[in-house]
4 protein chains.
Amino acid sequence: MDVLEFRPQPDQYAWTFGGVAPTHRITPGTVLKLWTEDAFSGRLQRTTDKPSQVLNMAEVNPQTGPFFVEGAEPGDTLALHIVDLTPARDWAASSTIPFFGALTGTDRTALLNDPLPEQTWIYELDRARGIVRFEAQRSSLSLELPIAPMLGTVGVAPPGREVRSSLVPDTFGGNMDTPEMRAGTTCFLGVNVEGALFSVGDGHYRQGEGESCGTAVEGAMDVTLIVELVKGHAPAWPRLEHDEDYVVVGSARPLEDAWRASQVGMIAWLGELYGLDRLDAYQLLTQISRSPLANVCDTNYSAVTKIEKSLLPAADAFGGMHRHLREQATTLT
Amino acid sequence: MDVLEFRPQPDQYAWTFGGVAPTHRITPGTVLKLWTEDAFSGRLQRTTDKPSQVLNMAEVNPQTGPFFVEGAEPGDTLALHIVDLTPARDWAASSTIPFFGALTGTDRTALLNDPLPEQTWIYELDRARGIVRFEAQRSSLSLELPIAPMLGTVGVAPPGREVRSSLVPDTFGGNMDTPEMRAGTTCFLGVNVEGALFSVGDGHYRQGEGESCGTAVEGAMDVTLIVELVKGHAPAWPRLEHDEDYVVVGSARPLEDAWRASQVGMIAWLGELYGLDRLDAYQLLTQISRSPLANVCDTNYSAVTKIEKSLLPAADAFGGMHRHLREQATTLT
Amino acid sequence: MDVLEFRPQPDQYAWTFGGVAPTHRITPGTVLKLWTEDAFSGRLQRTTDKPSQVLNMAEVNPQTGPFFVEGAEPGDTLALHIVDLTPARDWAASSTIPFFGALTGTDRTALLNDPLPEQTWIYELDRARGIVRFEAQRSSLSLELPIAPMLGTVGVAPPGREVRSSLVPDTFGGNMDTPEMRAGTTCFLGVNVEGALFSVGDGHYRQGEGESCGTAVEGAMDVTLIVELVKGHAPAWPRLEHDEDYVVVGSARPLEDAWRASQVGMIAWLGELYGLDRLDAYQLLTQISRSPLANVCDTNYSAVTKIEKSLLPAADAFGGMHRHLREQATTLT
Amino acid sequence: MDVLEFRPQPDQYAWTFGGVAPTHRITPGTVLKLWTEDAFSGRLQRTTDKPSQVLNMAEVNPQTGPFFVEGAEPGDTLALHIVDLTPARDWAASSTIPFFGALTGTDRTALLNDPLPEQTWIYELDRARGIVRFEAQRSSLSLELPIAPMLGTVGVAPPGREVRSSLVPDTFGGNMDTPEMRAGTTCFLGVNVEGALFSVGDGHYRQGEGESCGTAVEGAMDVTLIVELVKGHAPAWPRLEHDEDYVVVGSARPLEDAWRASQVGMIAWLGELYGLDRLDAYQLLTQISRSPLANVCDTNYSAVTKIEKSLLPAADAFGGMHRHLREQATTLT
């Protein structure tokens, strides 16, 4: 397998999906060893740092990429298999940002309340033990939390000539912020433009479901991916596959619409995998789907529909691509 | 412990929270061995049964109760510990109902589309193996699914002189339809009227998160509960405790508001348990909360915020009531 | 015509729709001359009054009624024609109430922000000139605003055995808070229980569309109504008729669902009046409906679909009831 | 005044806000005499035309422009005064489009219902009498409706490096679809990129509030505009001024958020115009705002807050720009 290593310099970050020239052209089957900067572009470093003072809001969620995948055409399906996610720093940061987050008025949920106070939390990583430490800043509690590295942002260029901020999740993936995007996951995204032009970023050392305050345990990440291409079969919404689960991510507002998109997406997938009639799939889904939220803070909210494979007959989604990539991944280590 | 057994006759069912005279008066500490009819009032029995023909929509979600708890006053906290849930029949039913469910136009999401077809699925229970069988009706798939008994509906009389249908979830609990309401769970509900007047019903042999089509694997249930009372400390929204988790359920529309209510409820709980400042709790929650949906089909949608106790310091919620009830439960078997 | 005059004493107020014994039994055709207390139960009287100190939140939106209408049965249509609305005091009040209103976090849109400050505005009425005076309290502006008396709350007992707070708008009418409910309006409500059991209250000397801060120019009102009954023909959602317009009010959350309900209700009405196919009515509505919001602060939000009669062929809704009542009204003065 | 006439050829249409080179560079004060193609790109011409067969969904809502305004910098305010809107054809079209519109499942409100039937209505224009004729297609009704020409789409390039489809309304204006955008209106838009890069299109011969079915009476339009620039003072959301009203348009989902944005935008404007404290403005708004919906079908919904100037003291918004442009307009005819 071809292996490409890339650690972008700050002037090489992408801030959008679409609208940016690729940093590299790669062929399907390539292994990428990437470094991603954190969502704050590394500017939030101390508990005394206030986002309104240290951040440049035009430069958040820096993306590594985009990558042009040879042969990828609109209607195809890009498969990104996450082989490994390893924290690239020994600390990570999280913060409340004025008028951003799920439990505050925002620019859209426009209210007259004052913003919540800005507060920054720094999480020290104990790499050996695989934990980060939460230290309360305004009261007294210190906790060890296991790390659970994930990528907040994985996306391709959007359809319809659009260029979207790297803060946006939508049909093209993007800033979905779901803990399901972890090592061992294969992410299937419909290709909208020639070359797919995907990028990744926004590593989280861990995150709850919903990303309530708007920022997870944000940290730079070493990312190992294998890139593959399935001709045709573009799904309407991002699909993820683990060894244990099928996952569909929908992104919209209000939150029920994000979830509905993921549900209808899963019904379509069940139909493809098992020849299930739409109503039968609706019924089956009703009894077996798990519905963990992803984010309720971004431009679109993201919700997940997830089904344990152990409840279903064996099947080969996308021609068995996930299994193939899992096998490829084992040869890398 | 006092033990009360009660299997209501059809003319004893309650159809509302509030507005109904209690079937029994009980003292805190009482063990209830109850039988609950299924949400269809037992009328949906064959795959050829159509809800619009066999159901009486004024008589769905029959409740067993209400029970008047001696000494319960507004502002107190009712604790209901579910000792056991055992399917009371060897089959269960699920169905699509015209203009009801998450993935169809409804009376509220009022659209011009025709209703989805009515279709009924019957699930045979294999009691020994603990599975129900899904049989596709319009295509070809047969699956064994493990049972996971839960109660869809647990609630007290509402505040503000209101009487609500047993189809409604809200601050008073009610038709929350969360799989978290299972054997081993203690449910804490704020008391709104003298005697609390709680009732239970709507057993599900299993249900996915979101109850997509509007009806779970609906079946009659044998229910064993222990009833306790905590003076004062009424939570704003229902709280659940398992051995493994703290859970808060919020119910509202749109879905983000249901979830926000559960999140703010959990932040309040973390504050009570650990003296955590509100912003510190917001931050911690962001990194550790799990957010499985409950229902996206009822009058209000219900969403869950859930935290694994293993991530938190030991604490005694409501004076250690859950642990006490778990111990009591062991004496029953 | 029978004329009934009624000024309830405070212990005669109703606080709910349903669940209350009628104050009077009347026959269709009766003229009611009623007095309604303001939404604050008259307790907010000075700009220094703070709602959290002077209000009893269990006693807001007092209703005059309910009235039992002889012969009214479920499925019938109650017609309430508002002959006259005259301010019953020379002042009115409005206020911000903590965690209530459209532009603040609330118990449902549960956020972590502090509540907005409580502030009370008192409006002096110049009866001769038909104006109230707005006096800014925290800055400097004084304005004369024309009065436009309306009733915020007109409703019947709900269906399904429910009892709802007088703060709730829904299919049964209730706290719709629409400026369309003014002198000259006939309000058509589906009857859910024998006798209909309607009540009125919550007079506003004027109100913008949306009732942003949660409270209008709230004042006691002298109300003259004529009560009539149409056998059958119960509409799904409240319908209003003026000389100039047809109006349907939908109430739900999120706001698009409130509006969708009003739209589908109007499409049904156009079908009844003109034999229009559903898609043709959808098309026509698209080009001619006016969509002024009613409230975005109550338990359900209320939205209006309104069509000018001058754009449509002449028709006799509900057998010409509105014209009949207008004629009756002229005999009263 | 410089006058520029421009009728774009099909290969000159813009399909996005941002991401397109300007067709012209103009100076503030320029008069534009433009022609805009209809939203269907002229492809829907007969009642037998089905959108799914004749439309190219990648080529809808063609824009005339963009125009680069000399001297316009981020933070400035573009003022576009609509002098005249005259139908450029003697017919217009409207249609239901599968999975598009307010009263049907869509790609976001993802449901399992079949799409509504595709149906096309053609409106003949009687130019002398200023009416279009509605002809029911599936039932029997023919109506004359007064024309009320408006522009559905007026926008500048978005902030944050984004490029958005011409179907999107947002802070940059765009596809707001409000009947308030008519001859006599001055539209104020914050400038996000050098030159502002504004474009216009999507003429409607008339439209109801909400644009229920997703398409208005869509027709090619002759548009006369005057372009001006205010240095600084960029509003957060589009502001419109008529001789009679101040108007703010918010765009978001759910609908309450669109409206909240317009309300908070109006509170800001009242603060600027009259030095009103935020709470005083909230109170005043509550009693005087009109809230007609714009669209409930586009990517974001758009809602309007509107205040009659006659209720307020005289003021000079944006330095009296609207009055200045009205005077300029009189010199053109």
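Side chains are part of it too, since the values below use all heavy atoms of this structure and drop only hydrogens, waters and symmetry mates. What you see is a predicted model; the values in this text were computed from it and never measured. Naming convention: chains lettered A, B, ... in sequence-line order (proteins, then strands); numbering from 1 in each chain.
- Residue with the most contacts toward chain B among C:Trp259, C:Phe17, C:Tyr282, C:Trp15: C:Trp15 (heavy-atom pairs, distance under 4.5 Å).
- Heavy-atom neighbours of chain B within the stretch residues 100-109 of chain C, taken at a separation under 4.5 angstrom, comprise C:Asp107, C:Arg108, C:Thr109.
- Residue B:Val168 touches chain C through its side chain alone, counting heavy-atom pairs closer than 4.5 Å.
- For residues 263-280 of chain B, a heavy-atom distance under 4.5 Å to chain C picks out B:Val264, B:Ile267, B:Arg278, given by residue number.
- Expressed to the nearest 0.5 Å, how far CZ of C:Arg253 lies from CG of B:Asp257 amounts to 7.0 Å.
- Annotation: B:Glu194, atom CD; neighbour count of heavy atoms from other residues, nucleotides and ligands within 6.0 Å does not exceed 12.
- Heavy atoms closer than 4.5 Å to chain C are found in the side chain of B:Trp237, but not in its backbone.
- Here C:Glu162 is the residue among C:Arg260, C:Glu162, C:Met57 with the most heavy-atom pairs under 4.5 Å with chain B.
- Of the atoms belonging to B:Ser165, heavy atoms from both backbone and side chain fall under 4.5 Å from chain C.
- Panel note: side chain C:Arg164, backbone B:Val163; no donor-acceptor pair is recorded below 3.5 Å.
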